[in-house]
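Working notes, beginning with the structure itself.
These figures come from a predicted structure and were not determined experimentally. Throughout, a chain's letter reflects where its sequence line sits, starting with A, and its residues are numbered from 1.
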Amino acid sequence: MNKNDVRLVIFIFIMAISLILVTKIFDSNDPKTALIYYENELIKKIDLSIDKSNEYVIKGFNGDVIVKSKKNMIKVSDEISPLNICSKQGWISSSYEVIVCLPNKILIKIESNQNEFDAVVR
Amino acid sequence: MQRLKYLILFLFIIITCGCTNQIKVISKDYFYFDTYINIKIYSNNSKLVTEALDKTENIFKEYHQLTDRYNAYEGINNLYYINNELNIKEKIKIDKRLYQLLETMVDFYDDSQGLVNIAIGNVIDVWKDYKDNNKGVPTYIELKNSGSTNINKLILDKDYYLYKLDNISLDLGAIVKGYVVELIGNYYEEIGLNKYLINAGGNVKVGDHYGDNRYIIGIENPVDVSNIFEIVKGNNVSIVSSGSYERFFEYKGKKYHHIIDPYTLFPPDYMKSVSVIHRDSGYADLLSTMLFLIPVDEGINYVNHLEEVEAIWYGIDDQIFYSKGFSQYE
Amino acid sequence: MELRKTVRLSMLLALSIVLSLIESYIPIVGSIIPGVKLGLANAVIILVIYFYSFKDALFLSITRVLLLGIIRTGLFNIIFFFSLNGALFSIVTMYIAKRFTKLSIVGVSIIGSLSHSVGQIVIVIIFLNNLNIIFYLPYLLLFSIPTGIIVGLTAKEVLSLYQKLEIKSY
């Protein structure tokens with residue numbers, strides 16, 4: 001490694017850390033909804049503000065995708081794909097995080113409800 | 001290169017420091033009055049908010065115990081005591097808070113021409129028995145013979161003393177929730193936490209908005225509870241619904257609601273739900289209960305003659321009715 | 001001469017595929033952050049760029065992705081394009097870095113590792129039409145530093161050994 005390499009490493013490091021911090025700022029504590037897409041089409045909305053664990057079965061390209069949710073968090077717990085990347089990813093909880101299941105064409109993202117409802121009267 | 005490094009570090013510090021003083025939301029869940037209650041307070045004074053949220057727990061707990069019909073608590077003359085232990089014409093002193101609550105409820109009895117009656121406990125007990133034991137539906141005679149429902153037999157004396165003239169049984173049902181939510185909202189405002197949202201299922205009360213906007217509150221569709229049928233926008237306002245609540249039971253295809261008409265002794269069948277918007281959550285709760293007990297057109301007429309009250313009805317045939325000034329919340 | 005080169009490149013291709021396959025069976029690396037790989041196959045690509053030429057490396061890289069597709073993930077599906085784009089991004093930027101900067105082989109390797117992630121993310125954004133995944137990028141950038149260094153150091157060692165070997169066999 002020469003001097004230029006070290007500079008490169010420092011530069012990437014600072015870039016990455018600053019970007020992470022910037023994204024942290026965008027995260028909010030508002031109630032959240034998980035949106036599940038299949039081939040870019042919204043197929044399910046899950047309210048994550050409920051303090052309860054839930055399990056959902058979503059139809060993916062290769063078969064059933066099992067999604068688990070709990071308060072403000074969601075994950076893929078089981079799916080059929082060669083590398084199982086999205087079930088290995090585990091829980092996501094911030095509005096900038098996404099779970100991408102390429103083989104199953106499933107995308108899960110979290111949206112804070114800020115632009116939707118603050119509350120629902122029953 | 002050395003300079004560049006410092007420049008990057010400097011920018012980095014600016015970026016991270018500029019954002020620490022933002023408004024934070026602190027949220028807490030409670031379970032009282034058979035309801036999940038979620039409260040959010042928006043403030044940058046975390047310490048004050050945490051204290052307020054802890055105190056809220058106490059307020060809920062105290063009112064829950066005072067108005068509990070089914071359990072006695074040591075050292076508290078609560079509703080259970082008044083209903084079950086208190087002899088006729090025996091005077092007792094009750095907690096000031098319970099006294100004031102009962103006073104409010106009794107006052108509204110006259111305002112609602114007897115529709116909102118807290119002395120209906122004996123009838124409620126019969127319904128509860130039928131519901132819990134799957135016995136179907138009671139007859140009018142059975143309900144009528146269950147005991148007195150005359151609220152005038154409850155005497156609220158001075159110095160927080162109270163006595164009964166007959167074996168009436170008090171039931172505050174869900175209307176106590178609105179009252180307590182109002183108290184808690186007022187408490188937050190007193191200590192300077194004006195930006196809050198109290199979500200107690202059928203009762204929502206909001207303070208000032210956390211941004212420079214209005215709170216957006218959905219009203220759940222009583223037929224399809226996963227959807228909302230109307231959106232209300234406002235600040236410093238309470239919204240209370242009666243009707244769509246899950247507390248009903250079904251017998252031979254007919255739904256029986258937990259709100260009982262004190263005249264017919266049966267649940268009314270005028271609408272699927274009604275929601276009232278008003279500054280005071282306690283009043284909105286009482287009013288929504290009353291509106292649930294009268295036909296929609298009478299209710300619209302009634303609300304249109306009140307100031308600063310709006311309401312929305314979900315009719316029996318799924319049509320939606322609005323009070324005159326409802327559009328200000330749209 | 002030409003035959004020797006073809007044989008050598010074929011062997012390197014086989015090596016890169018084996019390395020990729022072995023790597024996919026090591027669960028530890030991917031479980032820290034999904035999508036993060038050590039990318040040992042990249043050491044082979046770097047070797048080819050340095051010892052042979054950009055053209056050979058490009059050819060080897062594309063063939064590698066094609067063969068891996070046949071063996072493991074399937075051809076012309078999203079994963080295939082995901083890998084292909086990562087590989088192409090990585091090789092082009094590595095060549096540029098080698099040619100136009102003063103970076104050593106380790107630096108070039110870091111660039112390769114980093115642009116591999118960028119290339120993959122670009123494909124996700126295109127296919128899923130979702131920009132949110134970009135928030136994932138800083139973590140991948142961060143991880144490209146250690147993986148790039150490890151791969152780069154490996155490539156450096158292998159390159160010096162390989163040069164001796166080739167000189168000897170003339």
Side-chain angles (χ1 to χ4, degrees), chain A residues 1-27 35-42 61-62 75-76 79 81-92 94-111, chain C residues 24-25 27 29-37 68-69 71-74 77-83 97 101-111 113-114 117 120-121 123-125 127-146 148-149 152-153 156:
Chain A
M1 272 173 94
N2 63 25
K3 221 167 144 192
N4 291 316
D5 294 346
V6 177
R7 280 177 194 164
L8 177 72
V9 167
I10 292 169
F11 178 71
I12 296 171
F13 189 78
I14 290 173
M15 272 278 283
I17 296 288
S18 327
L19 281 172
I20 288 169
L21 285 166
V22 168
T23 55
K24 281 274 177 267
I25 290 157
F26 286 119
D27 191 20
L35 306 175
I36 303 182
Y37 295 84
Y38 177 71
E39 287 193 314
N40 298 333
E41 208 174 298
L42 182 63
F61 188 70
N62 292 343
K75 75 164 178 178
V76 170
E79 108 275 21
S81 72
L83 302 172
N84 294 104
I85 283 178
C86 67
S87 52
K88 278 180 198 158
Q89 183 169 355
W91 297 103
I92 62 164
S94 312
S95 49
Y96 56 80
E97 283 181 297
V98 281
I99 299 178
V100 183
C101 301
L102 280 177
N104 278 306
K105 301 182 181 174
I106 294 276
L107 176 92
I108 302 176
K109 66 174 183 175
I110 293 182
E111 204 171 64
Chain C
S24 66
Y25 290 114
V29 187
S31 60
I32 305 168
I33 282 196
V36 168
K37 280 193 289 185
L68 269 175
I71 297 165
R72 248 182 102 70
T73 51
N77 55 20
I78 308 175
I79 297 221
F80 173 78
F81 287 108
F82 185 66
S83 311
T101 68
K102 287 174 185 162
L103 292 169
S104 78
I105 191 162
V106 179
V108 169
S109 167
I110 295 170
I111 293 280
S113 169
L114 183 148
S117 305
Q120 291 185 332
I121 280 181
I123 277 293
V124 174
I125 291 171
F127 268 85
L128 295 174
N129 202 5
N130 180 288
L131 208 65
N132 264 5
I133 187 96
I134 212 152
F135 290 105
Y136 208 55
L137 189 63
Y139 296 94
L140 293 177
L141 287 187
L142 216 53
F143 266 82
S144 71
I145 300 174
I149 291 174
L153 291 173
K156 196 177 168 187

| query | What part of C:Leu114 lies closer than 4.5 angstrom to a heavy atom of chain A: side chain, backbone, both or neither? | reply | side chain
| request: Would you check if the side chain of A:Asn2 reaches a backbone N or O of C:Lys102 as a donor-acceptor pair within less than 3.5 Å? | output: yes
| field | side-chain contact (heavy atoms from CB on, under 4.5 Å) between A:Leu19 and C:Leu137, worked out | value | CA-CA 9 Å; A:Leu19 281 172; C:Leu137 189 63; 5.6 Å; no
| message | Are more than 12 heavy atoms, taken from residues, nucleotides or ligands other than A:Phe61, located less than 6.0 Å from that residue's CZ atom? | response | no
| field | Matching residue for C:Ile145 among A:Leu8, A:Ile10, A:Val9 - test: side-chain contact (heavy atoms from CB on, under 4.5 Å) | value | A:Val9
| In terms of heavy-atom proximity below 4.5 Å to chain A, should C:Leu142 be classed as side chain, backbone, both, or neither? | both
| C:Ile111, C:Val106, C:Ile110 screened by side-chain contact (heavy atoms from CB on, under 4.5 Å) with A:Asp5, the one that passes | C:Val106
| request: Take atom NZ of A:Lys75 as the centre, draw a 6.0 Å sphere, and report whether it contains more than 12 heavy atoms from other residues, nucleotides or ligands. | output: yes
| How many angstroms lie between CZ in C:Phe143 and CD1 in A:Ile12, if you round to the nearest 0.5 Å? | 14.0 Å
| message | To check you understand the geometry: which heavy-atom pair defines the closest contact between A:Ala16 and C:Leu141, and what is its length? | response | CB-CB, 4.0 Å
| Per-residue contact mode, C:Leu103 against chain A (heavy atom under 4.5 angstrom) | both
